[in-house]
Amino acid sequence: MEEANIAEDKDNKFLMKAVKEAYKAVESGDGDPFGAVVVCKDEIVVSCHNMISKHTDPTAHAEVIAIREACKKLNQIKLSDCEMYASCEPCAMCFAAIHYSKFKRLVYGAKVEAAIAVGIDALISDALRGTGSFQKVELEIKKADGDAAVIAEQVFENTKAKFIC
């Protein structure tokens with residue numbers, strides 16, 4: 001029981017950092033409310049947010065930027081010792097990038113329906129939801145529980161007047 005609480009506390013800590021990045025994306029005008037954190041051995045490697053507006057790049061999602069920066073920082077293309085914390089359930093593009101980067105774990109806060117409810121166009125991966133019939137991924141995927149997950153859901157409603165869809 002104690003070990004589960006420690007893991008949940010760790011997940012909440014890093015997920016809250018991703019949520020802060022989601023707010024930063026909107027407050028700075030860089031993009032929509034999405035944040036991502038790459039963690040290796042319980043240390044943050046990078047913490048990023050959506051930058052589609054800043055870079056005029058529809059692929060500049062928080063997870064993709066986090067992967068790019070983590071690979072550069074760690075000087076490797078396989079992130080198999082790393083975990084990805086995303087403020088929201090990743091889209092299909094981001095999920096594919098997470099998969100191909102070989103993360104050992106993905107923890108996300110908000111379900112994609114929270115983003116869709118405020119007008120964000122979202123395409124989720126069948127593999128993420130476990131409904132894909134072609135390939136099962138070798139990645140632990142966890143929908144976070146607790147306060148951090150609730151707060152991650154609220155970021156969309158709290159910023160909907162400011163972000164670009």
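Taking both residues in full, the closest heavy atoms of S53 and G29 are given as CB-O, 3.5 Å, listed atom of the first, atom of the second, then distance. In plain terms, the two heavy atoms of Y85 and A18 that are nearest each other are O-CB, 3.8 Å. What you find for G31 and I52 is that their closest heavy atoms are CA-CG1, 4.1 Å. Here the closest non-hydrogen pair linking E89 and V112 is OE1-N, 2.9 Å. Minimum interatomic distance between C48 and A66 (heavy atoms only, all atoms of both residues): SG-CA, 3.6 Å. Taking all atoms of both residues into account, the shortest heavy-atom contact from L106 to P90 is CD2-CG, 4.0 Å.
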message: Show, in sequence, the C-alpha distance, side-chain angles and deciding distance for K104 and D81, and conclude whether the side chain to side chain contact (heavy atoms under 4.5 Å, CB included) test is met.
response: CA-CA 6 Å; K104 69 178 179 181; D81 290 336; 5.7 Å; no

- request: Using the side chain to side chain contact (heavy atoms under 4.5 Å, CB included) rule, take M84 and I67 through it: C-alpha gap first, then chi angles, then the decisive distance, then the call.
  value: CA-CA 9 Å; M84 169 70 75; I67 290 167; 3.8 Å; yes

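Put simply, the side chain of V64 reaches to within 4.5 Å of the side chain of C94, judged on heavy atoms. Inter-residue side-chain proximity for I120 and F156 is flagged as met; some heavy-atom pair is nearer than 4.5 Å.
Remark: side-chain polar atoms of N50 are paired, donor with acceptor, to backbone N or O of D32 under 3.5 angstrom.
Connection of M16 to V107 is not established within any shared hydrophobic cluster, with ILVMFWY side chains joined at heavy-atom distances below 4.5 Å, either directly or through further cluster members. Note on V38: it clusters hydrophobically with L74, by side-chain heavy-atom contacts below 4.5 Å among ILVMFWY residues. Under the 4.5 Å side-chain heavy-atom criterion for ILVMFWY residues, a single connected hydrophobic cluster contains both F103 and V46. There is no path of hydrophobic side-chain contacts, each under 4.5 Å, that joins V45 to V37.
Within the hydrophobic cluster formed by Ile, Leu, Val, Met, Phe, Trp and Tyr side chains joined at under 4.5 Å, directly or through other members, I65 is accompanied by M51.
Atom CD of Q76 sits about 14.0 Å away from atom NZ of K102, to the nearest 0.5 Å. Distance NZ/K17 to CG/L15: 12.5 Å, rounded to 0.5 Å.
Among residue pairs with one or both ends in residues 34-47, those qualifying as side-chain hydrogen bond (donor to acceptor under 3.5 Å, both in side chains) are K10-D42, E21-S47; sequence neighbours excluded. Applying the salt bridge (charged side-chain N to carboxylate O under 4.0 Å, His left out) test to pairs two or more places apart or on separate chains, none has a residue in residues 51-72.
The side chain to side chain donor-acceptor pair (under 3.5 Å) check on D30 picks up S28, H49, with sequence neighbours excluded. With sequence neighbours excluded, the residues that form a side chain to side chain donor-acceptor pair (under 3.5 Å) with N158 are Y23.
Partner R105 forms a side chain to side chain contact (heavy atoms under 4.5 Å, CB included) with one of D11, I141, I98, V39 and no other, that one being D11.
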Below 3.5 Å, can you tabulate the donor-acceptor pairs from side chains in residues 147-155 to any protein atom, sequence neighbours excluded?
unit_1 : atom_1 : unit_2 : atom_2 : d
E153   : OE2    : K111   : N      : 2.9

